Amino acid sequence: MKVALAQINTTVGDFTGNVDRMVRTACQAAAAGAQVVVFPELSVTGYPPRDLVEKPTFVERSSQQLERLAAETAAMPLALIAGYVGPSPSQTGKRATNSAAVLAGGRILFRQTKILLPTYDVFDEARYFVPAETQSLFTFGGRQVALTICEDAWNDKQFWERPLYRRDPVQELANSGAELLISINASPYHMGKRAQRREVFAASARRHRLPLVYVNQVGGNDQLVFDGSSFAMDATGRVAASAASFAEDLVMFDSDSCEGEQHQNLADECEAVYEALVVGTRDYIRKCGFERVLIGLSGGIDSSLTAVIAADALGARNVTGVGMPGPFSSEGSIGDARALAHNLGIRFEMAPITTVYHESLRVLDPLFAGAQRNVAEENLQARLRGVTLMALSNKWTALVLTTGNKSELAVGYCTLYGDMCGGLAVISDVPKTLVYELSRIANQRHAGAIPESVFQKPPSAELRPDQKDSDSLPPYEILDQVLRAYVEDYQAPRQIARDLGLPLESVVDIVNKVDRNEYKRQQAAPGVKVTTKAFGMGRRFPIAQKYVE
């Protein structure tokens, strides 16, 4: 059986556009000789639809558009497998299901509903969907085919040390006589996820002695970016066909010979992170209806990397950098910002804040009487820059991209309504040490667009004379290790101190900074998730709480 793996980029709620895309792709698959074309999870609706599923009209339209997909592909000599939101047959509980359908000849031949509904990290499917109680095989091309939806194929009890669920849907289908496994997915990217998926499915293929097809969504939707990286395996777990990472793709696989097309994947994980940020930025901006972006260019490494990512995502003509030097900005930083803009070919404007800063102090000083200069005066500079960018955003209809990294956001080394102003926090899930690595990749792609001096100078907010990040924070090489252990792995301070050979008081100080600044992070712009645990929809801590590590 010739199977086409249709790795497409859908938009949540764009029923017409999603189905049109599927019809075009099915036509291409038929022309390539496919007997069945497989689309990702919830491909009709886009993923994740979140609370849109609570709207009865959303569920109704999903079913209607599935019928339209069947009708518009009726004359094609192949079957389609597509994901959609269906109405729940149950009189109790939730009103919707996460389902898949097999379409051919204008009819819906088979339906399967997801059994295992994830409720961890960024997933909250039990909030919306009713799980299936039973499942069955369908016959196609003389074969008994098992059709699963994402999480249903992720609970192999022999792979995981502690499985999340009692049931193993793949085991059940294999025991029923499955000869081929097809899994449709909307699996978000994070570092290491692509390798993990292949390990999980290779173990399943070997255990059940089944060839399998894994099709994943690609593209960005809000804070999530999906890498695609679809594949097919033979019964030994060998990758027999593979799709590109971070790009739409159509890959052919012959399940009889277990041979297929091998398209280029990004082997280096740092390259993959960079591409994830580009795709996530591009899709967030375009799917939200924007065309242009603004970036405050300080001459530092963070804003430089953000600018290069934006140029790759939208094209240089749609990116404007704004230099906003203040009373403590160095000439070197201004020059680096200007040089970066020139090298990238983006528009660059200057909007100095020194005059308005001194005027603001003149107004505020009577109210500050008797108080020493402190962070209030420092943060005022950042907030004036935020005001400037938001004014330009309104005037030019351009989205402001914030430039803060994960390390700063974790410990609150950022200013509310200042450098946190903006519509998308491009690198908010990128630790500072990784920022430097990604910036080297950016320079490889853009012939050294980021000046070497940006890499060499000590990081600084330049809000007071001779200020350096190291005045307030540990070296980033140490800070990022602690943050990863605490934020991503949930390790306790004593264990972190022991494992990293650090003084306990130093670790506790960092941990306390993380906990105290939850209020800032919950007011931050959404960011693109690239690590196992990002600040955002997958991390849900209370702001007002008394728990102390």
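Everything numeric here is computed off the predicted structure, so don't read it as measured data.
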Next item on the list: State whether the side chain of R143 and the backbone N or O of A178 hold a donor-acceptor pair below 3.5 Å, judged by distance alone.
Entry: no

Checklist line | Polar side chain donor-acceptor pair, T236 to D234, under 3.5 angstrom | finding: yes

Notebook entry, point to check: Can D227 and R197 be counted as an ion pair, charged N to O under 4.0 angstrom?
Noted result: yes

Next item on the list: Taking the side chain as every heavy atom from C-beta outward, state whether L344 and V308 have any atom pair closer than 4.5 Å.
Entry: yes

Next item on the list: Tell me whether the centres of the aromatic rings in F201 and F159 are closer together than 6.0 Å.
Entry: no

Next item on the list: For residues S245 and Q264, determine if any side-chain heavy atom of one lies less than 4.5 Å from a side-chain heavy atom of the other.
Entry: no

Item checked: Backbone N/O of S428 and side chain of N405: donor-acceptor pair under 3.5 Å -> no

Item checked: For the student: nearest non-hydrogen atoms of A6 and V37, plus distance -> CB-CG2, 3.6 Å

Checklist line | NZ/NE/NH1/NH2 to OD/OE distance under 4.0 Å, R95 and E54 | finding: no

Next item on the list: Give a yes-or-no answer on whether the side chains of Q65 and R68 include a donor-acceptor pair shorter than 3.5 Å.
Entry: yes

Check: Looking at F290 versus Y284, is the centre-to-centre ring distance below 6.0 Å?
Finding: no

Notebook entry, point to check: Between N98 and E125, does any side-chain donor sit less than 3.5 Å from a side-chain acceptor?
Noted result: yes

Notebook entry, point to check: Do the non-hydrogen side-chain atoms of D51 and V53 ever get within less than 4.5 Å of each other?
Noted result: no

Note to self: Can you see whether N216 engages S187 through a side-chain donor-acceptor pair at a distance of less than 3.5 angstrom?
What the structure shows: no

Margin query: Please tell me whether E151 and N155 have a donor and an acceptor in their side chains that are separated by less than 3.5 angstrom.
Written below: no

Note to self: Ignoring hydrogens, what is the shortest heavy-atom contact between D249 and A243? Give both atom names and the distance.
What the structure shows: OD2-CA, 3.5 Å

Notebook entry, point to check: For P131, does its backbone N or O pair with a side-chain atom of K114 as donor and acceptor, under 3.5 Å?
Noted result: no

Notebook entry, point to check: Step by step, would you call N9 with D283 a side-chain hydrogen bond (donor to acceptor under 3.5 Å, both in side chains)?
Noted result: CA-CA 9 Å; N9 185 346; D283 280 353; 2.8 Å; yes

Check: Tell me, do T45 and F15 make a side-chain contact under 4.5 Å, heavy atoms counted?
Finding: yes

Margin query: Less than 4.0 angstrom from a charged side-chain N to a carboxylate O is my criterion; do R282 and D312 meet it?
Written below: no

Notebook entry, point to check: Got a salt bridge between R209 and E179, using NZ or NE/NH1/NH2 to carboxylate O under 4.0 Å?
Noted result: no

Check: For R50, does the CZ atom have more than 12 heavy-atom neighbours from other residues, nucleotides or ligands under 6.0 Å away?
Finding: no

Note to self: Strictly below 4.0 Å, N to O, side chains only: are R206 and D156 in salt-bridge contact?
What the structure shows: no

Checklist line | Shortest non-hydrogen contact from L147 toward A100 | finding: CD2-CB, 3.8 Å

Checklist line | Pairing of K432 and E477 as salt bridge, 4.0 angstrom limit | finding: no

Note to self: Quick test of your reading of the model: are E488 and K406 salt-bridged, counting only N-O distances below 4.0 Å?
What the structure shows: yes

Check: Is the shortest heavy-atom distance from the side chain of L5 to the side chain of V38 under 4.5 Å?
Finding: no

Next item on the list: Please step through side-chain hydrogen bond (donor to acceptor under 3.5 Å, both in side chains) for the pair S88 and S90, ending with a clear verdict.
Entry: CA-CA 5 Å; S88 170; S90 174; 4.7 Å; no

Next item on the list: Measure the CZ-CZ distance between R238 and R198 for me, rounded to the nearest 0.5 Å.
Entry: 12.0 Å

Next item on the list: Would you check if there is a donor-acceptor pair between the side chains of Q217 and E41 at a distance under 3.5 Å?
Entry: no

Item checked: Salt bridge R317-E291, side-chain N to carboxylate O under 4.0 Å -> no

Margin query: Under a plain distance cut-off of 3.5 Å, with no hydrogens placed, do S99 and T113 share a side-chain donor-acceptor pair?
Written below: yes

Item checked: K533 bridged to D121 by N-O distance under 4.0 Å -> yes

Next item on the list: Can you see which heavy atom on V528 is nearest to which on D429, and at what distance?
Entry: O-CB, 3.4 Å

Notebook entry, point to check: For F138, is the NZ or CZ atom of R111 found under 6.0 angstrom from the centre of its six-membered ring and inside 45 degrees of the ring axis?
Noted result: no

Notebook entry, point to check: Which atom names give the shortest non-hydrogen contact between G33 and K2, and what distance separates them?
Noted result: O-CD, 3.5 Å

Next item on the list: For the residue pair T16 and N18, establish whether any side-chain heavy-atom pair is separated by less than 4.5 Å.
Entry: no

Notebook entry, point to check: So does E248 pair up with R21, basic N to acidic O under 4.0 Å?
Noted result: yes

Next item on the list: Would you tell me whether D302 and S304 have side-chain atoms, one donor and one acceptor, within less than 3.5 Å of each other?
Entry: no

Margin query: If you define the side chain from C-beta out and look only at heavy atoms, does anything of E261 sit under 4.5 Å from L250?
Written below: no

Notebook entry, point to check: Does V12 reach the side chain of K287, with side-chain heavy atoms less than 4.5 Å apart?
Noted result: no

Next item on the list: For the residue pair Y47 and F123, categorise the inter-ring angle as parallel (less than 30°), tilted (30 to 60°) or perpendicular (more than 60°).
Entry: tilted

